[in-house]
Amino acid sequence: MTKKVCKAVFPAAGLGTRFLPATKASPKEMLPIVDKPMIQYAVEEAEACGIKEFIVITGKSKRAIEDHFDYAHELEDNLKSKGKNAQLKEIQELTRAQFAYIRQGVALGLGHAIHCAKPFVKDEPFAVILSDDIIDPDDKLLREMMKIYNKHKGTVLALQQVPKTEIDRYGVIAGKEISKGVFKISDMVEKPKAEDAPSDMAIIGRYILTPDIFNILEKTPPGKGGEIQLTDALKILLKRKPVYGYLFKGRRYDGGDKGGYLKATVELALKNPSVKDYFKEYLLEKVASISEKEK
Ligand code: UTP
């Protein structure tokens, strides 16, 4: 019988160079979008799909991630004594899940980070979530991917159409649509030039992988940028087993990039009950004053 996806891996050991100096001593994954760090959105997304075990790949300067999902006795006592029960509940809920942390000593690439999870994942299928790829919580990407995994019992990658000008930042696939939005992938290229890209469908930060990937990653040499690339390993897997893609049509923001981070902040602030009314009013005023100045 095929095993269910019960574990999620969160690679969070990257250096976050696009966000320096903010990420010099603090993890990129802890940058807040309104009032929650990016990694909390990612964990909640996995929890909403029934995932029970969380494996975070960390590195130097990433301790704050562990602290965020751990007990904070002094803070809890303080909130309790002041009767701040809503905040207390929110803080305590962060500790409900089961977390394991693995250090990736040197940031050798996403493929290497995922390989570090092998001792915890063992022989089960697992989700990989890049927490700086922010998916709108109302769009159920991972849930759809799990359905495809359960049907086809193979690796599933999240795909999104991206403009030509951005294609060289992604792994890009070639494939055939086998059912609405589901592709059987025939090839993939890491960060191609626009003219060499096999399609406009880029791999984004959600994956359902099977343990087959570990043996391949073990032997994958450094690729583009001198890093051990997951795309290179998936390309080898493709020759042995079917790999599927799900074309996501929802809202995604690249939180590892300053522009994408700001967009995510605006979009999620406009949905957040604690600030949305005030913030919408502010935005409308701001836009009106910008338009006035530009006349
Ligand atoms: P990115 O490509 O966003 O790299 O990694 P980065 O280092 O985080 O950021 P920039 O590009 O320098 O600004 C995608 C995901 O893979 C993780 C990152 O933490 C991020 O979640 N990653 C990357 C690792 O865990 N280890 C690595 O060696 C590389």
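None of these values were measured; they are calculated from a predicted model. The analysis underlying the following values was restricted to heavy atoms, covering all of them including side chains, and did not include hydrogens, waters or symmetry mates. Counting starts at 1 for both ligands and their atoms, following the listed order.
- Remark: distances from the non-hydrogen atoms of D132 to ligand 1 include one below 4.0 Å.
- Proximity of a side-chain donor or acceptor of K36 to a complementary backbone N or O of I33 within less than 3.5 Å is not detected.
- Nearest protein heavy-atom neighbour of atom 25 (O) of ligand 1: A13 N, 2.8 Å.
- Between L230 and I213 the shortest side-chain heavy-atom distance falls below 4.5 Å.
- Distances below 4.0 Å separate heavy atoms of A12 from the following atoms of ligand 1: 19 (O), 25 (O).
- Below 4.0 Å from some heavy atom of A113 lie the following atoms of ligand 1, by number and element: 24 (C), 25 (O), 26 (N).
- R103 places no side-chain N or O within 3.5 Å of a backbone atom of I57 that could act as its donor or acceptor partner.
- For ligand 1, the atoms closer than 4.0 angstrom to any heavy atom of L108 are 28 (O).
- No donor-acceptor pair under 3.5 Å is formed between the side chain of T210 and the backbone N or O of T155.
- Looking only at protein heavy atoms, the nearest one to atom 11 (O) of ligand 1 is R18 NE, 3.1 Å.
- Ranking protein heavy atoms by distance to atom 4 (O) of ligand 1, first place goes to K28 NZ, 4.2 Å.
- Aromatic rings from F19 and Y261 are positioned such that their centres are separated by under 6.0 Å.
- When only non-hydrogen protein atoms are considered, atom 26 (N) of ligand 1 lies nearest to Q104 OE1, 2.7 Å.
- The one candidate from I114, V128, V9 that meets the side-chain contact (heavy atoms from CB on, under 4.5 Å) condition with I55 is V9.
- Residue E227 places no heavy atom under 4.0 Å from ligand 1.
- In summary, the aromatic rings of F214 and F126 are positioned with their centroids under 6.0 Å apart.
- Checked by atom type and distance alone, the side chain of S199 never pairs as donor or acceptor with a backbone atom of A174 at under 3.5 Å.
- When only non-hydrogen protein atoms are considered, atom 21 (O) of ligand 1 lies nearest to P11 O, 2.9 Å.
- For atom 12 (O) of ligand 1, the nearest non-hydrogen atom from the set L15, T17, T23 comes from T17.
- The distance from ligand 1 to the heavy atoms of E29 drops below 4.0 Å at these ligand atoms: 19 (O), 21 (O).
- Scanning the protein for heavy atoms near atom 16 (O) of ligand 1, the closest one is L110 CD1, 3.6 Å.
- Here the shortest heavy-atom distance to atom 28 (O) of ligand 1, taken over G205, G109, G59, G256, belongs to G109.
- In terms of protein heavy atoms, atom 18 (C) of ligand 1 is closest to G14 N, 3.6 Å.
- Scanning all protein heavy atoms for the shortest distance to atom 15 (C) of ligand 1 gives L130 CD2, 4.0 Å.
- A cation-pi arrangement is not found for K7 relative to F120, the charged atom failing to lie both closer than 6.0 Å to the ring centre and inside a 45° cone about the ring normal.
- Between the side chains of H112 and E227, no donor-acceptor pair is found at a separation under 3.5 Å.
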